[in-house]
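What follows is a set of notes on a single structure, which appears directly below.
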Amino acid sequence: SISLLFYISILTTTALQAKRAVSSLYKTNFLVAISKIVILILFAYQWGLWGVVIARVVYEVFAVFFSAYFFFHAKENV
């Protein structure tokens with residue numbers, strides 16, 4: 001339920017789609033996926049199941065950060 005707080009990244013991702021900022025969408029999706037893998041491996045190794053739970057929350061924070069960053073720095077491809 002805590003991770004639901006960070007689903008704000010869906011709004012910025014949808015806004016990037018509306019702006020047709022394909023390059024920014026690719027960058028966002030790539031960085032979010034890589035950060036999710038790295039965080040999950042590191043936290044699960046360090047703290048086990050609690051690490052997986054914490055990694056999920058931290059991943060959502062990264063998703064919000066990356067999508068908001070690329071939303072405000074995206075160029076429109078209209």
Side-chain angles (χ1 to χ4, degrees):
S1 67
I2 293 176
S3 65
L4 290 176
L5 298 174
F6 298 108
Y7 275 105
I8 192 80
S9 66
I10 293 173
L11 295 175
T12 52
T13 303
T14 304
L16 283 172
Q17 291 173 345
K19 289 172 85 172
R20 296 183 184 181
V22 178
S23 174
S24 294
L25 281 170
Y26 286 147
K27 291 175 188 175
T28 301
N29 289 335
F30 177 76
L31 288 174
V32 168
I34 294 299
S35 67
K36 183 177 185 178
I37 292 168
V38 170
I39 291 168
L40 187 60
I41 289 171
L42 291 176
F43 283 35
Y45 179 76
Q46 185 69 29
W47 295 295
L49 186 58
W50 280 109
V52 173
V53 173
I54 294 169
R56 173 72 180 168
V57 174
V58 172
Y59 153 74
E60 292 296 335
V61 171
F62 275 107
V64 168
F65 172 75
F66 287 134
S67 62
Y69 176 80
F70 285 113
F71 171 70
F72 289 115
H73 293 92
K75 297 177 182 173
E76 294 184 22
N77 295 333
V78 179

Transitively linked via ILVMFWY side-chain contacts under 4.5 Å: [X] with [Y]?
X: Leu42; Y: Val32; value: yes
X: Ile34; Y: Leu25; value: yes
X: Ile37; Y: Phe65; value: no
X: Ile41; Y: Val57; value: no
X: Trp50; Y: Tyr59; value: no

[atom1]/[X] to [atom2]/[Y] distance, rounded to the nearest 0.5 angstrom?
X: Asn29; Y: Phe70; atom1: CG; atom2: CZ; result: 10.5 Å
X: Tyr69; Y: Phe62; atom1: OH; atom2: CZ; result: 15.0 Å
X: Leu16; Y: Phe72; atom1: CG; atom2: CZ; result: 10.0 Å
X: Phe71; Y: Leu11; atom1: CZ; atom2: CG; result: 9.5 Å

Check the orientation of Trp47 and Phe43. Use parallel for under 30°, tilted for 30 to 60°, and perpendicular for over 60°.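 Trp47 and Phe43: perpendicular rings.
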Measure across Leu40 and Val52 and return the closest heavy-atom pair with its distance rounded to 0.1 Å.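 Between these two residues, the closest heavy atoms are CD1-CG1, 4.0 Å.
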